[in-house]
Amino acid sequence: MQTTTVSGASFSSDEQRVLYSSDETGVFNVFSVPVKGGKPTQLTRAKDASLAVGYFPTDDRILFTRDTSGQERPHLYVRALDGQEQDLTPGDKHRASFFGWSHDDTAFYVLTNERDERFLDLYRYDAKTYARTVLYAGDGEHVPAALSPDERWLALEKSRTLSDSDVYLFNVTTKERQHLTAHQGPATWKAATFDPTSSALYLLTNEGSEFTRVERHELATGKRESVEAPAWDALSTTFSKRGAFRVTRVNEDGRTTLRVHDVKAGKPLALPGLPEGAISDVALSRGEKRMAFLLDGDRAPANLYVFDFATKKVTRLTDTLSRALDAKDLVESERVHFKSFDGLEIPALLYKPHPATAKARAPAIVFVHGGPGGQSSKGYSSFFQFLVHHGYVVLAVNNRGSEGYGKAFFAADDQQHGKAPLQDCVEAKKYLAGLPYVDGERVGILGPSYGGYMVLAALAFHPDVFAVGVDAFGITDWLSALRELPPHKTALREALYQEMGNPETQEAMLRDISPLFHAEKIRKPLLIIQGAHDPRVPKARTDTFVESLRKSTTPLDYLVLPEDGHGFSGKKSEAETSLRILSFLDQHLRGKP
C-alpha cells in the first residue's frame, strides 16, 4: 500500500516541466517534474485531494481541483506565482470542473452548477483577471461536451438511456440548437472534439456496429465520414494544439492503447520504444514536440513518461513502485472467459497466487467492479496484488453490462439488475471452483459501489453460493437511490430509470432487487464498508440495513470511515481498510484464527 498513484499530465509554458498529481504524501497533491527527469517539486499541500489540471499557457500559474471530505463537490483553484491559492468557484453547494483553454490562450472555460444544482452552465474566464461571462446556460438535458476553437459552436450531448444518446450543435451567438445525430434504434453518439480550424466536429458512435468508431462531421456542409474504426471501442480522439497530430485512445479487451495520427501525412505515426502497458492521461505539448502520458501494467503501477517526437526517446519521470516490492513477486493477470447460465460468454481477469497448486488449493474472491457499466481492466491494482500476495485467487469479472465488449453486451443488463448480471457472478464462482488450485468451498464475493450492491444481492438472493461477502459503498435500496438522485444527475434521470427501473411505475420490481428488503435472507459472514460523507450512498441508509442484519445471527462487521465519501480520501484510509478486509477474510474464509 506504499505504492504511489499518479495521474494527470500538463506541460509548462516553456515545455520544460510536467505537472501531475501524486498521493505520495498520503493524499493527492500537485507536483511538477522536469521533462528530462529529476526531483519532483510539490506545489500544493492540502489535506483534501488536490488534482492537477494544468499550467497556464504563458506563465507558471497552475489550475487544480480540490474536493472537501470526498463530498464530490470539487472546485477549481488557481495557484498564483507566489504560491497563494484562490478558489475560482467559491460556494458550498455546487461542483465545478475545467472545460479547456481558449485557442488563443487568453481564457479558459469552466462548467459549474452554482446557478441551479440541476443544470451545468459553461463560463469563459479571463486568464489574467478571472472575470467571467456565460457562454451557455444549461437546461438539465443537453450537457456541454466540446467547444470549437473560434467559440462559435458548442457540442451538446443528451442521453436517453445509457446505451442511447445524441449530439446537438449549439450556436453560441444565436443560441440556436441543431440535432446532428437523429437515428433509429439504440446507439450512442458522443462529441469528441472540434478540429483546430473549427471546420469539423469529430464524433464517437456505435450506430450500426457493436463497437465505437470515430466520424468527422463537416460543419459547413453537414457531410459526414468515418475516419477511424478500430476493432474495439474508440474511447476518445483529440488534436494537438496546431493540428499536426490526432490522438485516439482505444479500449482493447480491457487495456487502453494509443494511436497517434500524423494529420498531414494521413497515416499513423510509429511510436518506437514505447513500453508495454495500458496508456492513459495523454497530453501533447503546445509546440507539438513532446507527448506526456501515464503507463502501467499488472506488475507495475502507473508511471509518468515523456515521448520526444524528434528523437523518439522515451523518458520515465516517476518511480511509483514501493522499494519494498520486487515486481517479480507480483502477479500478471490472465484474460479468461467462461459461459454463463444462458451461454453468454463472460470475460474476466484471473490473478493466481504463486504458491497455489492442486495440492495446496487456495481460497478465492469474485471481484465485481463498480458502475453499472464499469469494467475491470488490465493494469496495476495494489489491492488485487495485496490479496494475491496473501494467498487469495482473484477473479475480476466483467459481467454483462460492462463496457468495452460491444453494444449488445453493454445493454444486456438493462432492467435485469439483481438477476442476469448477478447470475454471471454465480457462474464466476462455479468457474473458480472448477480450477484445480482453488478450494471451491472457500469462495467469497467482494465489490465497491455497484459491485458492493452485487455483493449484498448475491448474499440475499443466492444465500448458499458464496462463503462470505465484502461490500464497500454499495447501494442497499434502489427505490430511495433513484427517487433521491442528486440534482446534478438530472440529465441522467431517464437514462437511469431505463437502466435500473422507474421508482414510480416499477416499485415492486425495485423492491425485489433491493437487499434492504431482504436482509433476513443473508446468512453468510458480511463486512460492510461505509463512508461517513458518502453523497451517493448516505450513511443513514446503510445504518438502516445494518440494523436489520443485526436482528439475525449473521456474522456482521460494519466499518464506517469517518473522513471518506464514496471511496477513499487517502492512502492511510485505503491501507487500513485493506487490512480490515484481509483480517475478515482470514477469519471467515481462510479459517485462520
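The figures here come from the full heavy-atom set of this structure, side chains too, leaving out hydrogens, waters and symmetry mates. In this chain, residues are counted from 1 in sequence order.
- Inter-residue side-chain proximity for H142 and R177 is flagged as met; some heavy-atom pair is nearer than 4.5 Å.
- Heavy-atom minimum distance, D413 versus P372: OD2-CB, 4.0 Å.
- Taking a cutoff of 4.0 Å between a charged side-chain nitrogen and a carboxylate oxygen, R580 and E576 do not qualify as a salt bridge.
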task = Using the side-chain hydrogen bond (donor to acceptor under 3.5 Å, both in side chains) rule, take N251 and T256 through it: C-alpha gap first, then chi angles, then the decisive distance, then the call.
result = CA-CA 5 Å; N251 180 352; T256 304; 5.4 Å; no

task = Before giving the answer on side chain to side chain contact (heavy atoms under 4.5 Å, CB included), spell out for Y136 and L156 the whole-Å C-alpha distance, their side-chain angles and the decisive distance to 0.1 Å.
result = CA-CA 10 Å; Y136 171 76; L156 305 171; 3.8 Å; yes

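- Side-chain atoms of S569 and E563 include no donor-acceptor pair closer than 3.5 Å.
- Below 30°, between 30° and 60°, or above 60°: for Y305 and F293 the angle between ring planes is below 30°, a parallel geometry.
- With rounding to the nearest 0.5 angstrom, the CG atom of L456 is 12.0 Å from the CG atom of D477.
- A donor and an acceptor atom, one from each side chain of D164 and T161, are nowhere located under 3.5 Å apart.
- Using modelled atom types, one side-chain atom of T25 and one backbone atom of V27 make a donor-acceptor pair closer than 3.5 Å.
- Defined by atom type and a distance below 3.5 Å, a donor-acceptor pair is present between the side-chain atoms of S50 and R66.
- Note that the CG atom of D564 and the CZ atom of F473 stand 6.0 Å from one another [nearest 0.5 Å].
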task = Decide side chain to side chain contact (heavy atoms under 4.5 Å, CB included) for T205 and T212; before the verdict, give the C-alpha distance in whole Å, the side-chain angles of both, and the deciding distance to 0.1 Å.
result = CA-CA 5 Å; T205 184; T212 302; 5.7 Å; no

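- Taking the six-membered ring where tryptophan is involved, the planes of Y77 and F64 are essentially parallel, since the angle between them stays under 30° and well short of 60°.
- The 12-atom threshold is not exceeded at NZ of K190, counting heavy atoms of other residues, nucleotides or ligands nearer than 6.0 Å.
- Remark: R118 engages D116 in a salt bridge, criterion side-chain N to carboxylate O under 4.0 Å.
- Panel note: side chain S285, backbone F11; no donor-acceptor pair is recorded below 3.5 Å.
- Classified by interplanar angle (parallel below 30°, tilted 30° to 60°, perpendicular above 60°), the ring pair Y123/Y125 is perpendicular.
- At a cut-off of 3.5 Å, with distance as the only test, a side-chain donor of D543 or Y558 sits close to an acceptor on the other residue.
- Side-chain contact of R246 with T237: a donor-acceptor pair under 3.5 Å is present, judged by distance alone.
- Listed for the S159 side chain is no donor-acceptor partner under 3.5 Å among the backbone atoms of L162.
- Side-chain contact between Q86 and Y130 is present, with heavy atoms from C-beta onward closer than 4.5 Å.
- By the 4.5 Å heavy-atom criterion applied to side chains, V537 and H566 are counted as neighbours.
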task = Could you walk me through whether F410 and S163 pass the side chain to side chain contact (heavy atoms under 4.5 Å, CB included) test, one step at a time?
result = CA-CA 8 Å; F410 182 74; S163 303; 3.4 Å; yes

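- For N206 (side chain) and T188 (main-chain N/O), a donor-acceptor pair under 3.5 Å exists by modelled atom type.
- Annotation: side chain of D166 is not in contact with side chain of E157 (no heavy-atom distance under 4.5 Å).
- At least one side-chain heavy atom of R286 sits less than 4.5 Å from a side-chain heavy atom of W101.
- By the 4.0 Å N-to-carboxylate-O rule, D59 lies close enough to R61 to be salt-bridged with it.
- Contact check on E85 versus R79 returns no salt bridge, with no Lys/Arg side-chain nitrogen under 4.0 Å from an Asp/Glu carboxylate oxygen.
- T238 OG1 to K241 NZ: the interatomic distance, rounded to the nearest 0.5 Å, is 12.0 Å.
- Across all non-hydrogen atoms, the minimal contact from N399 to H369 is OD1-NE2, 4.1 Å.
- To the nearest 0.5 Å, atoms CG (L180) and CZ (F170) are separated by 13.5 Å.
- The backbone N or O of V30 sits nowhere less than 3.5 Å from a side-chain atom of Q42 that would complete a donor-acceptor pair.
- Proximity of a side-chain donor or acceptor of D296 to a complementary backbone N or O of Y380 within less than 3.5 Å is detected.
- Between P149 and S198 there is a side-chain heavy-atom pair separated by less than 4.5 Å.
- Checked by atom type and distance alone, the side chain of R124 never pairs as donor or acceptor with a backbone atom of L135 at under 3.5 Å.
- There is a side-chain donor-acceptor pair under 3.5 Å between Q375 and Y405.
- Separating the OH atom in Y453 from the OG1 atom in T476 is a distance of 10.5 Å, to the nearest 0.5 Å.
- Remark: the T542 side chain and the Q530 side chain contain an N/O donor-acceptor pair separated by less than 3.5 Å.
- In this model, no donor atom of one side chain and acceptor atom of the other lie less than 3.5 Å apart for N113 and H94.
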inquiry  = One pair to check against side-chain hydrogen bond (donor to acceptor under 3.5 Å, both in side chains): K378 and S333. What are the steps and the verdict?
reply    = CA-CA 7 Å; K378 294 280 285 185; S333 69; 3.1 Å; yes

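- Relative ring orientation between H179 and Y168 is described as parallel, the plane-to-plane angle staying below 30° on a 0-90° scale split at 30° and 60°.
- Comment: E484 engages R541 in a salt bridge, judged by a side-chain N to carboxylate O separation of less than 4.0 angstrom.
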message = Between E24 and T4, does the side-chain hydrogen bond (donor to acceptor under 3.5 Å, both in side chains) criterion hold? Intermediate values first, please.
response = CA-CA 5 Å; E24 67 178 70; T4 300; 5.5 Å; no

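- Between the side chain of R132 and the backbone N or O of Y109, no donor-acceptor pair lies under 3.5 Å.
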request  = Quick one: do L122 and V134 satisfy side chain to side chain contact (heavy atoms under 4.5 Å, CB included)? Show the steps, please.
outcome  = CA-CA 6 Å; L122 181 64; V134 179; over 6 Å; no

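- The shortest non-hydrogen separation linking S102 to E151 is CB-OE2, 4.2 Å.
- When only modelled atom types and interatomic distance are considered, S32 and Y55 share a side-chain donor-acceptor pair under 3.5 Å.
- In this structure, H417 has its ring center closer than 6.0 angstrom to the ring center of Y450.
- No salt bridge links K93 with E114; every basic N to acidic carboxylate O contact stays at or beyond 4.0 Å.
- Scanning all heavy atoms of the two residues, the minimum distance from F568 to S573 falls at CD2-OG, 3.6 Å.
- Two residues are said to be in side-chain contact when any heavy atoms from C-beta on lie closer than 4.5 Å; L482 and L496 meet this criterion.
- From L19, atom CG reaches atom CZ of F56 across 11.5 Å, with rounding to the nearest 0.5 Å.
- Side-chain rings of F99 and F108 stay apart, their centers remaining 6.0 Å or farther from each other.
- A donor-acceptor pair under 3.5 Å links the side-chain atoms of H75 to the main chain of T89, judged by distance alone.
- The side-chain heavy atoms of L120 and T112, taken from C-beta on, include no pair separated by under 4.5 Å.
- Among all heavy-atom pairs drawn from R95 and R73, the shortest one is CB-CA, 4.0 Å.
- Closest approach of F239 and P196 over heavy atoms only: CG-CD, 3.8 Å.
- Judged by distance alone, the side chain of R290 and the main-chain N or O of V35 form no donor-acceptor pair under 3.5 Å.
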